[in-house]
**Student:** 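Dropping the structure in here first, questions after.
Note on naming: letters A, B, ... go to the chains in the order of the sequence lines (proteins, then strands), and numbering restarts at 1 for each one. Source: prediction; values computed, not measured.
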Amino acid sequence: MKGFSHFMSGVAVASFCPWSIDAALQGNPLFFVLGGACGILPDTLDFKVYRFFYNHDIYITPDPGNPDPQYIADEMARAMDIAVTENRYVKVKLVSIRLGADFWQQYVVNIDNDKKEVSVKFGPVVNTGQVPVDGTENQYPTVARAPMKAKLIQTYDAALKVDIFDGPTIGLAPRKDGDFDLDFLPWHREWSHSLTIGLFLGVLFALLVGIITTIQYGWVSLPPQQEVLTTWAAAKQWLAAFFTHYAIAWQSIVTIAGCYGVHVVEDQLGHMGSNIFYPFTKERTPGLKWMHSGDGIANFLTVWVCCLLIFWNLHRAMPDPTFHFGFVHLMMVGLVIPGAVFAAIRWLLTRGQNVQVEKGDDADDEWNELKASGT
Amino acid sequence: MSGFWIVLLSVTAGTVLSSVLACLPGLHVYNIMGALVMGILSLESMGTHVPVDVYLPAMTGMIVGWAMLNTIPAVLLGTPDESAMFTVMPGQKYLMAGRGYEGTMITAVGGLAGAFFIIFVVAPLAPRYLPVSQEVLRGHMHWILWVIITFILMSEWPKGGNRGPAGWAKFFDAWKTLLFGLATFLLAGVLGFILLTRSPVNHEVAFQNIMPAFVGLFAIPWCLLNIISAADVPPQRTTKTLGINGDVILRSVWSGGLGGGLAAYLPIVTGGVGGLLAGHATAQRDERIFIMGQGVSKFVYYVGAFMLLFVPGLNLTRGGGAWMIRAIYTPQGKADYFMILGCIAIAAAISYLMISPLAKLTLRLIDRFNYRHVSSVAMVIIVVMVFGVTGWMGLYIALVGTGIGLIPVLFGSRRLNCLGILLLPIACNMSGFGETITGWLGLT
């Protein structure tokens, strides 16, 4: 899913925590901010931190002064050759070609298993908005080709298109049958997209909050005892005092783990999947393939349903509302009826037309969408 | 003269006036409205009563005309206000392809679609549902602002770090733009604290308090960029068709209506922020939908915010126009609401009809003169405007704003971060710790 959908999902999860709303009503936005931030955090860790520390075996860096598709094809073939002959995982970086302050030379790498060759075709020059510059579409009509020694198994349909900002990373993993797998963005969802990491970050934050609480208010103090308590009763009383004293700390653990976790769960609905219980699991669990991360309707529905859920939770928390309505009523008025009206109008407007919806790969969409929308 | 004709003439006059003035770069409709409000107040103090049937339709027409026509300086002269900043990039692309007229008119169709959306969708539903949402969300606006700030800061893409071996050097290269973005947001926020707490602008022009800063943050850097880059604008051509259909308009209304609606309803959230959020939520990549959606968003933001003041049972004050009207008039139920809706419809029609000739006139100007000279003249007009309204102090604020507004231009970070000028101080104030910050800054 796209960043904003994850972000809003995090805020929605936070709204289910009663302490978030209580704190907000007292002017403290902490839990809602944590919710949104943690909702988007797994992608932030990958795209803004980890990828810059990810080492590559081969950097394919075309010369902007003399862009040569054959060089790219040959280097790709060489990387594949190394993966097969040396039987090791090879990480390849396809570097973008920057032609000017706002211009990039687009190129696409294709794998043809039937012909056992890798081909590279230069596309148009695009601006940073990924819009082609007029007249540059057929500047390089040549398709460069290089032979591959083995077949490449793509677990998802990644189009290796390189244009603005950073180029993608691919991992070439040799298989026992002599072919090899292609991992698109192997650094993505490797460890960050994990429920355990969410919990760990929650605990880390809670420790920080706990230390601040202790410095500010001291350690847990019990009221003076009037009678002698049993060990169990004393333990219960101490625990109650502990959880009250460090309320923000444990509430932060729940909020962070929940909001971070919802990102992992949502990504599991797509194709690529996540490494759900890292470090206990080592590889991504393939997704349910119910949707692509760039699907407009799925993303919008997620955002909108989240808004309605937040609204519902805020309404539920009102002590004495003037207006009374139920959940079904809210969903009908806020989602079903407007959605049906929109769909009906759209159907009327597009009757008899061939409306084509572009579908991309899960990871490819996320990579390109993030670059395009985050400018 | 009957009330009907007074209203009709007033709204027509207001629309025509603001449509022409909207073509001047840097001038905001709220500057003119502020001057009018001050004029009305001084007339009232002298015992001359100005009928509400005259100034209310006129001001409605001014807002509508400006919301529609300010596309011209934004797209053709590259001098956007904050709400139009997203229109500039694709708009200038159209200009550079000789299709500036087309880009302007697609945005205008978006504005007209926004008018239909307000009158036929929002207006009938608003009195029933907006009071409900207002009751639920009251008390929660502060964290909504903080959440929006968090998203703005977290969603910026690191533009560097694309080459070289992995490691800290690459990381810092990538984070350079993000850190400059953050610095822009914080500096703009500090400027906002100063202007909102102890504005150096003369109290007599308090309505224009924030205007010089906005001009400095958004319009002047764009002018400077146009002057320095000295791009040659190719000969412009006009077209009879815009290559749009009902589906494109519907989807533009969907995304633009959402963005503009959010901006109109939520305090301090401006059209640019609304557009950003709606763009992320609806994931529209079609360029025509994007441009038209910005037209819808801009219109719904300015006009919708103004309309909220008149919604029976709600009477929500959002946007500069509503605040100024509130100073001289309290809305009186359904009669005012229907009058305002009628005025919006008439003004939208008039201003839409005006945009084509005015756009052609501006294009003729661009064709005739060097674009660098046009941008220079635009900047001179902006500076004169700032000086005329707020004096030397206003110019000084604009200069400081320009310094901050140039950071994103020079370092490739997001210009939206300049909105820290409003978002940061208002969010702090709404959460109740604004005074602590102003205390730290030595302002209180």
**Student:** For the pair Trp254(B) and Phe342(A), evaluate ring pair (Phe, Tyr, Trp, His ring centres under 6.0 Å) and give the outcome as yes or no after the intermediate values.
**Tutor:** CA-CA 9 Å; Trp254(B) 171 43; Phe342(A) 182 86; 5.5 Å; yes
**Student:** Would you call the rings of Phe165(A) and Trp157(B) parallel, tilted or perpendicular, where under 30° means parallel and over 60° means perpendicular?
**Tutor:**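 If you compare the ring of Phe165(A) with that of Trp157(B), the planes turn out parallel.
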**Student:** Side chain from CB out, backbone as N, CA, C, O: work out which of these in Val333(A) comes under 4.5 Å of a heavy atom of chain B, or both, or neither.
**Tutor:**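 The side chain, not the backbone.
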**Student:** Based on non-hydrogen pairs under 4.5 Å, which of Arg163(B), Lys170(B), Met430(B) is most in contact with chain A?
**Tutor:**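 It is Arg163(B).
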**Student:** Quick one: of Ala317(A), Gly39(A), Ala37(A), Gly36(A), who has the most non-hydrogen atom pairs under 4.5 Å with chain B?
**Tutor:**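 The answer is Ala37(A).
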**Student:** Among the options Leu250(B), Ile144(B), Asn245(B), Thr150(B), pick out the one with the most heavy-atom pairs lying under 4.5 Å from chain A.
**Tutor:**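 Looking at each option in turn, the highest pair count goes to Leu250(B).
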**Student:** Looking at every heavy atom in both Leu25(A) and Gly139(B), which two are closest together, and how far apart are they?
**Tutor:**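 For Leu25(A) and Gly139(B), the tightest heavy-atom pair comes out as CD2-O, 4.2 Å.
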**Student:** Please classify the contact between Phe32(A) and chain B as side chain, backbone, both or neither, with a heavy-atom cut-off of under 4.5 Å.
**Tutor:**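 For Phe32(A), heavy atoms of backbone and side chain both lie under 4.5 Å from chain B.
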**Student:** For Leu348(A), is it the side chain, the backbone, both or neither that has a heavy atom under 4.5 Å from a heavy atom of chain B?
**Tutor:**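 Neither; nothing under 4.5 Å.
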**Student:** Indicate yes or no: at least one non-hydrogen side-chain atom of Pro158(B) is less than 4.5 angstrom from one of Phe52(A).
**Tutor:**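 Answer yes - side chains close enough.
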**Student:** Below 4.5 Å, heavy-atom pairs only: which of Phe151(B), Trp146(B), Phe171(B) has the largest tally toward chain A?
**Tutor:**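 That would be Phe151(B).
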**Student:** Counting only heavy atoms from other residues, nucleotides and ligands, does the tally under 6.0 Å from OH of Tyr54(A) exceed 12?
**Tutor:**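 Atom OH in Tyr54(A) is packed in, count exceeds 12.
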**Student:** Once rounded to the nearest 0.5 Å, what's the spacing between atom OG of Ser133(B) and atom CZ of Phe311(A)?
**Tutor:**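 Going from the OG atom of Ser133(B) to the CZ atom of Phe311(A) covers 5.5 Å.
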**Student:** Can you check whether Thr322(A)'s main-chain N or O pairs, donor with acceptor, with Glu135(B)'s side chain at less than 3.5 Å?
**Tutor:**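 Such a contact is found between Glu135(B) side chain and Thr322(A) backbone.
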**Student:** Among Ser431(B), Ala166(B), Gly161(B), which residue forms the greatest number of heavy-atom pairs with chain A at distances under 4.5 Å?
**Tutor:**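 Between Ser431(B), Ala166(B), Gly161(B), the count favours Ala166(B).
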**Student:** Please classify the contact between Leu178(B) and chain A as side chain, backbone, both or neither, with a heavy-atom cut-off of under 4.5 Å.
**Tutor:**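 When you check distances to chain A, only side chain atoms of Leu178(B) fall under 4.5 Å.
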**Student:** Counting only heavy atoms from other residues, nucleotides and ligands, does the tally under 6.0 Å from CD of Glu435(B) exceed 12?
**Tutor:**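 It does not: Glu435(B) CD has 12 such atoms or fewer within range.
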**Student:** With rounding to the nearest 0.5 Å, note down the distance linking CZ in Phe7(A) to CE in Met154(B).
**Tutor:**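 Here the interatomic distance stands at 7.5 Å.
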**Student:** I'd like to know if the side chain of His142(B) and the backbone of Ala24(A) have a donor-acceptor N/O pair within less than 3.5 Å.
**Tutor:**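 Here the side-chain-to-backbone pair exists.
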**Student:** Does any backbone or side-chain atom of Val33(A) lie under 4.5 Å from a heavy atom of chain B? Answer side chain, backbone, both or neither.
**Tutor:**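 Both backbone and side chain.
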**Student:** How about CZ on Arg128(B), more than 12 heavy atoms from neighbouring residues, nucleotides or ligands closer than 6.0 Å, or not?
**Tutor:**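 Open.
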**Student:** Under 4.5 Å heavy-atom distance to chain B, tell me which part of Thr44(A) shows up: side chain, backbone, both or neither.
**Tutor:**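 Side chain only.
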**Student:** Looking at Leu258(B) and Trp304(A), what are the two nearest heavy atoms and their distance?
**Tutor:**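 For Leu258(B) and Trp304(A), the tightest heavy-atom pair comes out as CD1-CZ3, 3.8 Å.
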**Student:** Rounded to the nearest 0.5 Å, how far apart are CG of Asn162(B) and NZ of Lys93(A)?
**Tutor:**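 Nearest 0.5 Å value for the CG-NZ distance: 7.0 Å.
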**Student:** Determine whether Trp143(B) and Asn28(A) satisfy the following criterion, side-chain contact (heavy atoms from CB on, under 4.5 Å), listing intermediate values before the conclusion.
**Tutor:** CA-CA 8 Å; Trp143(B) 70 255; Asn28(A) 178 4; over 6 Å; no
**Student:** Working to the nearest 0.5 Å, report the span between CZ of Arg346(A) and CG of Asp247(B).
**Tutor:**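 Going from CZ on Arg346(A) over to CG on Asp247(B), the span is 4.0 Å.
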**Student:** Is it the case that the ring center of Trp168(B) lies less than 6.0 angstrom away from the ring center of Phe53(A)?
**Tutor:**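 Close enough - the centres of the two rings lie under 6.0 Å apart.
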**Student:** NE2/His140(B) to CD1/Ile21(A) distance, rounded to the nearest 0.5 angstrom?
**Tutor:**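 Taking NE2 in His140(B) and CD1 in Ile21(A), the distance rounds to 6.0 Å.
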